[in-house]
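The structure appears below as structure tokens.
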Amino acid sequence: MEQTYFRRGLGLKKEIEPVLAAEYHSSLVEQIRAQGYTAQFGDITIRLAEDFGFCYGVDRAVDYAYQTTHKFPDRRIFLVGEIIHNPHVNTRLRESGVTFLYPDAATGEFDFAGVTSDDVVIMPAFGVTMTDFKRLQDIGCILIDTTCGSVLNVWKRVESYAKDGFTALIHGKYFHEETRATASQANIATGGKYIIVRDMDEAQLVMDYIERRDSALSRDAFRAHFEQKASAGFDPDRDLERVGVANQTTMLASESLAIAAAVGRSLAQRYGADNVAAHFRSFDTICSATQERQDAVIQMMQDPPAVMVVIGGYNSSNTNHLAHLCREYTTAYHIADATCIDVENGTIRHKPELAADAPEVLTEAWLPHGTLTIGLTAGASTPNNKIGETIERVLATLKPVMPST
Ligand code: SF4
């Protein structure tokens with residue numbers, strides 16, 4: 001019987017290795033890394049954060065996607081959403097013949113009507129919702145599951161909350177693929193509930209309600225505010241009595257921890273410190289790769305460079321958080337890729353704010369002259385070749401010819 005579900009690759013890792021190296025490797029980046037993450041180019045110092053770029057989950061997802069195109073050259077291959085939030089990687093997959101399925105803007109639902117049992121469907125590193133997984137299984141197509149192990153860990157937490165009668169309070173973006181998939185895991189138990197908070201301000205609305213503060217929203221206003229961010233029929237009077245905290249793996253770790261601690265204090269306030277164990281659970285579910293990239297930036301900012309360049313898709317949650325961290329210490333530019341840097345005109349296109357949909361702006365004369373240290377980091381979905389190209393453009397902006405290291 002034909003194997004229809006692949007979760008551990010397709011046995012073509014060795015064949016794919018040179019393909020991935022040719023497409024995503026950067027010898028310049030490797031050289032700087034080998035020199036202790038710093039390189040001198042005349043009076044310009046380039047510093048790389050000590051953790052940056054592709055994480056283990058993205059490495060694996062991209063590897064499996066390429067293995068899929070080699071294993072099934074004669075079949076139609078679909079991808080649910082984007083494999084990762086990097087435009088360059090997604091373009092390369094499209095060029096390899098993979099068709100991307102996007103959710104309906106109004107309903108958020110994927111349309112699998114065109115998928116048949118002869119097709120191959122890749123599920124991204126973020127995972128898919130329980131409903132979508134079931135629909136794909138019912139079609140009977142070949143499924144390539146690249147869901148990251150760190151995302152699966154969060155799902156286990158949400159499932160255990162639901163089975164034990166706790167509402168999962170998820171720190172994340174309600175529209176993000178990973179958070180939608182994570183929230184859906186509450187459905188593992190009949191009546192499982194979830195509520196999604198974007199940040200501490202939104203968590204505060206939940207805490208005000210738990211503590212029945214005068215400032216709390218009314219029940220109707222609360223339901224209206226969280227209509228798209230909570231499970232169907234969410235009733236704050238009933239569903240905030242027992243709360244377990246989880247998070248989208250790529251949020252700002254410090255904010256996730258602060259929200260969990262604050263929600264714990266709020267439930268202790270409402271039900272008494274002695275009873276809090278019956279009302280509150282929490283596990284830090286930020287993935288280690290996200291944590292390490294954020295820690296590396298914090299370490300770098302002990303002695304901040306004059307200018308920081310952060311490379312990654314504008315819709316990449318972890319890249320946005322890296323840029324946000326950098327802005328607290330120095331002038332930071334979040335760029336999608338090296339083409340944002342116009343060497344001729346000395347300009348840079350960048351996204352100056354945290355929100356994924358914030359508009360890109362153009363800044364002129366963005367690099368000061370003279371002795372200068374420029375720092376770089378990149379989100380977990382940014383391949384090394386895009387970092388290398390950025391370094392080359394930065395140096396070309398400052399110097400007509402890039403000296404070798
Ligand atoms: S950022 Fe973390 S959770 Fe997401 S794919 Fe990478 S390792 Fe997995």
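Throughout, residue positions are numbered sequentially from 1 according to the sequence presented. Quick caveat: nothing in here was measured; it's all calculated off a predicted structure. Just follow the structure's listing: the first ligand is 1, and inside any ligand the first atom is 1.
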_Numbered atoms of ligand 1 (with element) below 4.0 Å of T250, judged on heavy atoms_ = 1 (S)
*Report, in ascending order of atom number, the atoms of ligand 1 lying under 4.0 Å from any heavy atom of S150.*
3 (S)
Under 4.0 Å, heavy atoms only, figure out whether ligand 1 is touched by the backbone of [X], its side chain, both or neither.
X    : answer
F126 : neither
T290 : side chain
N318 : neither

_F100 six-ring face occupied by R94 cation (under 6.0 Å, within 45°)_ = yes
Under a 3.5 Å threshold, yes or no: a donor from one side chain and an acceptor from the other, between [X] and [Y]?
X    : Y    : answer
T250 : E178 : no
Y209 : D237 : yes
D132 : T129 : yes

Closest protein heavy atom (residue, atom, distance) for [atom]:
atom                    : answer
atom 6 (Fe) of ligand 1 : C55 SG, 2.2 Å
atom 2 (Fe) of ligand 1 : C287 SG, 2.3 Å
atom 4 (Fe) of ligand 1 : T249 OG1, 3.9 Å

*Identify whether the distance between the nearest side-chain nitrogen and carboxylate oxygen of D235 and R219 falls below 4.0 Å.*
yes
*Could you tell me whether K156 and E159 have a side-chain N and a carboxylate O separated by less than 4.0 Å?*
no
*Assign the ring pair F133 / Y5 to parallel, tilted or perpendicular, where the plane angle (0 to 90°) is split at 30° and 60°.*
perpendicular
*asked:* Restricting to N/O/S atoms, is C148 within less than 2.8 Å of atom 8 (Fe) of ligand 1 or not?
replied: yes
